Participant: 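I'd like to ask some things about the structure below.
The shown structure was predicted, so the numbers you read here are calculated from the model rather than taken from an experiment.
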Amino acid sequence: MRSIYYYYPMGKELSFSYIAKFHIMLLQRRYQVFPLPLGSLPANAGVGEHVAVLHPYFYPLTAMGEVRETVLRRVRSAIPTLVGVDVADSNKISQWATEVANLADAFVVNSMWSRNAYVESGVRVPVYVVYHGLEEEWFRPPAERPAHPVLRMLHEIKQRKRPFTLLYFLWHSGWRKGADLVEKLLACLESMGINYMLIVKKMDITDPGLTPLAKYKTFIVEGKLPRDWLIDLYDLADLVLLPSRGGSFEMSGLEALGRGVPVLMPNVGPWIEYTPPGLDKWLWVRTAKMVPVLPGNTIHDGLGAEWDPEDACMKAVSIWANLEEVRARTREAIPWIKSHFSWEAVAYQLYDAFTKIVGY
């Protein structure tokens, strides 16, 4: 049997690490898998007949510049099969990224959006799609009251004042995450006299895009939440806002739908791949234009969708006016989400890809 050496950022709390751990866990059901630190590739490159998986593939090359790329090119001949795992935050990857992607024997990406970006940019090796998944806990019943004191306070406000509760995730890069588009949406809701409350979930960094939101009815929830509390946060929301101009998947949209919460999103991007059938007429916002996602980025130098602010407001108001119907339809779609995007469902995509890569 050929072993799989799975290199990823061990010991770091990154989205790449989070997904890599699930890939490793699932692959270990069928293969002999050795998890290894991403930086140890040269030392292990020539050990036996194996498949080397680099997750992520591009970031270490950019972080260490020409030195890391030179190392990869040098040890490539010693690796029987090299697999890259990465994403596409825009509709195109750079010429440099395309060239180094073609050093691999295969790629695994997280959406058809990402696959199309790679293929249309000139990646010639096979590119397989393996979606990100949801753990079983995401499908648990809602709690009567949140355990977290801040979430419990927000729960009580919602019970008393009955606002149309919006949830928006601003992890980083307010431009890419569409913070300015959220501001325009709030201004529109205010002009129409709608009783609303915005909850912004952020980590321990402050993006300039947060400042304009402070003049609206906004609450900020900061820091890392355990999964159980994060589920409670989603359960507070009537609508999750996903105005991202770019992204390769955007877990917040999938997590919301897994809880039966509608998501407002552009009609171009990877999120349309996990929109349940029949909900697009409620949830998809018309794209106004395609814009640069990460100006100056050496990997993702393409475009992403910027939603039309007027259409976003019309869709949000329509959801507010028909909230019971939209929530009911979104909850009815939870089994569809589970059957396509639980980790147990995603496992079959992973096994199909590695059966072809490994050869059995």
Participant: Could you check whether Phe169 and Tyr234 have their ring centres less than 6.0 Å apart?
Facilitator: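 Aromatic pair counts; centres sit under 6.0 Å.
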
Participant: With no hydrogens and no angle check, is any side-chain donor or acceptor of Asp238 less than 3.5 Å from a backbone partner on Thr165?
Facilitator: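 Checked: pair present.
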
Participant: Any idea which heavy atoms bring Pro309 and Leu181 closest together, and the distance?
Facilitator: CG-CD2, 4.4 Å

Participant: I'd like to know if the side chain of Tyr274 reaches the main chain of Phe249, judged simply by a donor and an acceptor atom lying under 3.5 Å from each other, with no hydrogens or angles considered.
Facilitator: yes

Participant: First locate atom CD of Glu255, then atom CD1 of Ile231, and finally report the distance between them rounded to the nearest 0.5 Å.
Facilitator: 8.5 Å

Participant: If only atom types and distance count, is the side chain of Ser339 paired as donor or acceptor with the main-chain N or O of Trp336 below 3.5 Å?
Facilitator: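 At least one qualifying donor-acceptor pair exists.
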
Participant: Regarding Arg30 and the six-membered ring of Phe354, is the cationic atom NZ or CZ under 6.0 Å from the ring centre and inside 45° of its axis?
Facilitator: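 Pair Arg30/Phe354 does not count as cation-pi.
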
Participant: Using the rule side chain to side chain donor-acceptor pair (under 3.5 Å), only one of Asp311, Asn267, Thr275 pairs with Trp284; which is it?
Facilitator: Thr275

Participant: If the threshold is 4.0 Å, N to carboxylate O, is there a salt bridge linking Arg329 and Glu325?
Facilitator: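 Answer for the salt bridge query: yes.
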
Participant: Counting only heavy atoms not in Glu310, do more than 12 fall under 6.0 Å of its CD?
Facilitator: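 No, CD of Glu310 has 12 or fewer neighbouring heavy atoms, counting only those of other groups under 6.0 Å.
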
Participant: Applying salt bridge (charged side-chain N to carboxylate O under 4.0 Å, His left out), run through Lys215 and Glu183 and close with a yes or a no.
Facilitator: CA-CA 9 Å; Lys215 63 184 179 182; Glu183 182 189 3; 3.4 Å; yes

Participant: If only side-chain N and O atoms count, and only distance matters, is there a donor-acceptor pair under 3.5 Å linking Glu99 with Trp96?
Facilitator: no

Participant: Counting distance only, does the side-chain N/O of Arg245 pair as donor-acceptor with the main-chain N or O of Ala305 below 3.5 Å?
Facilitator: no

Participant: About how many Å separate CG of Leu241 and CH2 of Trp307, when rounded to the nearest 0.5 Å?
Facilitator: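 These two atoms lie 5.5 Å from each other.
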
Participant: Short question: side chain of Arg176, backbone of Leu294 - any donor-acceptor pair under 3.5 Å?
Facilitator: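 Not confirmed, Arg176 side chain does not pair with Leu294 backbone.
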
Participant: If the plane angle is over 60° it's perpendicular, under 30° parallel, otherwise tilted; pick one for Phe34 and Tyr5.
Facilitator: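 Perpendicular: the ring planes of Phe34 and Tyr5 meet at over 60°.
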
Participant: Please round to the nearest 0.5 Å and tell me the distance separating atom NZ of Lys158 and atom NZ of Lys161.
Facilitator: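 Between atom NZ of Lys158 and atom NZ of Lys161 there are 15.0 Å.
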
Participant: Assess whether a salt bridge exists between Arg145 and Glu156, defined as any Lys/Arg side-chain N lying under 4.0 Å from an Asp/Glu carboxylate O.
Facilitator: yes

Participant: Scan Tyr118, Phe107, Tyr7 and name whichever one has a ring pair (Phe, Tyr, Trp, His ring centres under 6.0 Å) with Tyr57.
Facilitator: Phe107

Participant: Are the side chain of Ser114 and the backbone of Val109 linked by a donor-acceptor contact shorter than 3.5 Å?
Facilitator: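 Not confirmed, Ser114 side chain does not pair with Val109 backbone.
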
Participant: Tell me if the OH atom of Tyr348 is crowded by more than 12 foreign heavy atoms within 6.0 Å.
Facilitator: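 No - once you tally the heavy atoms of other residues, nucleotides and ligands closer than 6.0 Å, there are 12 at most.
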
Participant: Does the distance from a Lys or Arg side-chain N to an Asp or Glu carboxylate O, for Lys177 and Glu250, drop under 4.0 Å?
Facilitator: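 Salt bridge between Lys177 and Glu250, a charged N being under 4.0 Å from a carboxylate O: yes.
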
Participant: Is there a side-chain contact between Met265 and Val240 (heavy atoms, below 4.5 Å)?
Facilitator: no

Participant: Any side-chain to backbone donor/acceptor pair from His300 onto Asp89? Under 3.5 Å, distance only.
Facilitator: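 Side chain of His300 to backbone of Asp89: a pair is present.
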
Participant: Return the minimal non-hydrogen interatomic distance between Val317 and Ile194, and the atom names on each side.
Facilitator: CG2-CD1, 3.8 Å

Participant: Check Trp138, Phe139, Tyr131 against Phe341 for a ring pair (Phe, Tyr, Trp, His ring centres under 6.0 Å) and give me the one that passes.
Facilitator: Tyr131

Participant: Any chance the side chains of Thr81 and Asp105 put a donor and an acceptor closer than 3.5 Å?
Facilitator: no

Participant: Is the terminal nitrogen or CZ of Lys217 (NZ for Lys, CZ for Arg) located under 6.0 angstrom from the six-membered ring centre of Tyr196 and within 45° of that ring's axis?
Facilitator: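 Relative to the ring axis of Tyr196, which defines the angle, Lys217 lies inside both limits.
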
Participant: Between Glu273 and Ser111, is there a donor-acceptor pair closer than 3.5 Å when you use the side chain of the first and the backbone of the second?
Facilitator: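 Flag not set: sc Glu273 to bb Ser111 has no pair under 3.5 Å.
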
Participant: Taking only Lys NZ, Arg NE, NH1 and NH2, and the carboxylate oxygens of Asp or Glu, determine whether Lys21 and Glu135 approach each other closer than 4.0 Å.
Facilitator: no

Participant: Tell me if the CZ atom of Arg124 is crowded by more than 12 foreign heavy atoms within 6.0 Å.
Facilitator: no

Participant: For a quick test of reading the model, state the closest non-hydrogen atom pair linking Ile272 to Pro266 and the distance between them.
Facilitator: CG2-O, 3.9 Å

Participant: If you take all heavy atoms of Ser90 and Asp301, which pair is closest and at what distance?
Facilitator: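 What the structure gives for the nearest pair is OG-N, 3.8 Å.
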
Participant: If only atom types and distance count, is the side chain of Arg259 paired as donor or acceptor with the main-chain N or O of Arg140 below 3.5 Å?
Facilitator: yes

Participant: Within the side chain of Trp113, is there an N or O that forms a donor-acceptor pair under 3.5 Å with the backbone of Gly269?
Facilitator: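 The answer is no, because no donor-acceptor pair under 3.5 Å joins these two groups.
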
Participant: Considering non-hydrogen atoms only, spot the tightest contact between Ile357 and Arg2 and give its length.
Facilitator: O-NH1, 4.0 Å

Participant: I'd like to know if Lys315 and Asp308 make a salt bridge, using a cut-off of under 4.0 Å between side-chain N and carboxylate O.
Facilitator: no

Participant: Can you confirm whether or not the ring centre of Tyr31 sits under 6.0 Å from the ring centre of Tyr360?
Facilitator: yes

Participant: Taking only Lys NZ, Arg NE, NH1 and NH2, and the carboxylate oxygens of Asp or Glu, determine whether Lys338 and Glu136 approach each other closer than 4.0 Å.
Facilitator: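 Glu136 and Lys338: salt-bridged.
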
